[in-house]
2 protein chains.
Amino acid sequence: MVTTRFPGAAERLRKAGIPPTRQRVAIAEVLFARPVHLSADQVLARVREHMPEMSRATVYNTLKLFREKNMVRELVVDPERVFYDSNTAPHYHLFDVRTGELSDVSADELQVIGTPVLPAGLELEEVDVIIRVRSRAPA
Amino acid sequence: MVTTRFPGAAERLRKAGIPPTRQRVAIAEVLFARPVHLSADQVLARVREHMPEMSRATVYNTLKLFREKNMVRELVVDPERVFYDSNTAPHYHLFDVRTGELSDVSADELQVIGTPVLPAGLELEEVDVIIRVRSRAPA
DNA sequence: TTCCATGCAAAGGGTTTGCACTCTC
DNA sequence: GAGAGTGCAAACCCTTTGCATGGAA
């Protein structure tokens, strides 16, 4: 499968204050062409379709960098691996524990009421909602 | 620190249909004396205070078994390790991303409104809510 | 030339597995 | 003595690290 490219990647990196190297642009193209949920290894595989010399370490470095700049959100949902979500708008997730598939639940469909008052010295980072479901195994 | 023992452990295992071996009872004592959030390694360490010969593999096997019998809940919150929660009543979690500390948020304090209608063939397993906070570093 | 970024390989850490030994019924 | 349970060590997999090379200002 050929991944759709995303032309504005370099622009987007500059706006975030990240010097756009070839590798970072290639990773950004995979992530930001459309909203995706990908593990580091999946990102690596997709980038290597166009750039076979991409190294694993660079993918991990870059994902960490993008996260610090709030360009992606880290999803800790599957004990096996971390997923990166290129949709940073508030929304929630549905996780199929059988297949490992992740999908979005929009913030319109679901509301969290009564987030507790945080003790002094605690700063809210984010609220994750994960609806864990199990799909029927195929016949 | 000496862990408080829990007398009814063997009973509890039998009720769940689990043959109570010495090792399983020791693990149950650590988990069910009171509600705890522990990683597999933390369980191992606490059990070894009383039973130094306990093996890592047995802890992992037993935690998996307890989970299948719904005696503990697996918390996927920290990318570094899975936590096991011995409180199976509905409740949510607050996670300090700086220290890795986990604490409970009762289901009274917080409500999730509008859980989406699941497509046919999807069975709801559970809804996790994780409030990620960051505490101030100590002075 | 200096400094950051990259690539490679090895190390690290949590978890699982293979297999022989032990215990129980 | 059959079968489940246990212990040990090695294997596994995702992620991080060390370090030398490469490239841009």
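Reminder, nothing fancy here: chain letters follow the sequence lines and each chain counts from 1.
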Exercise. How many Å lie between CZ on B:Phe66 and P on D:dG5, as a whole number?
Worked result: 12 Å
Seminar exercise, completed: Assert: residue with more 5' nearest nucleotide on DNA chain C, out of B:Val82 and A:Gln23, is A:Gln23
For this session: Find the distance B:Glu80:CD to D:dC13:C1' and express it as a whole number of Å.
Result: 14 Å
Seminar exercise, completed: Of the candidates D:dG7, D:dG5, C:dG7, the side chain of B:Pro19 sits closest to D:dG5
Problem set entry | Donor + acceptor pair across side chains of A:Asp104, A:His37 (<3.5 Å) | yes
For this session: Under 4.0 Å between any heavy atoms, over every strand shown, what does B:Arg56 touch: base, sugar-phosphate, or nothing? Just pick one.
Result: base
Problem set entry | Residue B:Met54, side-chain heavy atoms: nucleotide from C:dT6, C:dG14, D:dG7 that is nearest | D:dG7
Seminar exercise, completed: Tightest non-hydrogen contact, residues A:Ser39 and A:Arg81, listed as CB-CD, 3.6 Å
For this session: With side chain to side chain donor-acceptor pair (under 3.5 Å) as the test, would you mind laying out the steps for A:Asp108 and A:His91 before giving the verdict?
Result: CA-CA 8 Å; A:Asp108 306 334; A:His91 67 285; over 6 Å; no
For this session: With DNA chain D as reference, determine whether B:Glu53 or A:Ala57 sits nearer its 5' end, using the nearest nucleotide of each.
Result: B:Glu53
Problem set entry | Nearest-angstrom distance from the residue atom CG of B:Leu65 to C1' of D:dA4 | 12 Å
Seminar exercise, completed: Regarding the side chain of A:Arg24, the nearest nucleotide among D:dT6, C:dT15, C:dT6 is C:dT6
Exercise. Do any side-chain nitrogens or oxygens of B:Ser55 fall under 4.0 Å of OP1 or OP2 in D:dT6?
Worked result: no
For this session: Starting from C1' on D:dC13, measure out to CZ on A:Arg81 and report it in whole angstrom.
Result: 9 Å
For this session: Could you state the atom-to-atom distance from OH of B:Tyr60 to C1' of D:dG5 in whole Å?
Result: 19 Å
Seminar exercise, completed: note: A:Leu75, atom CG; D:dT15, atom P; distance rounded to Å ~ 12 Å
Seminar exercise, completed: Heavy-atom closest pair (A:Val76 atom, A:Ile130 atom, distance to 0.1 Å) is O-CD1, 4.1 Å
Problem set entry | Exercise: do B:Arg98 and B:Ser135 side chains pair donor with acceptor under 3.5 Å | yes
For this session: Take the protein atom CG of B:Asp78 and the nucleotide atom P of C:dG13, then report the distance between them rounded to whole Å.
Result: 14 Å
Exercise. Within the structure, does a side-chain N or O atom of A:Thr21 lie under 4.0 Å from either OP1 or OP2 of D:dG23?
Worked result: no
Problem set entry | Whole angstrom value for the distance that separates C1' of C:dT15 from CD of B:Glu74 | 11 Å
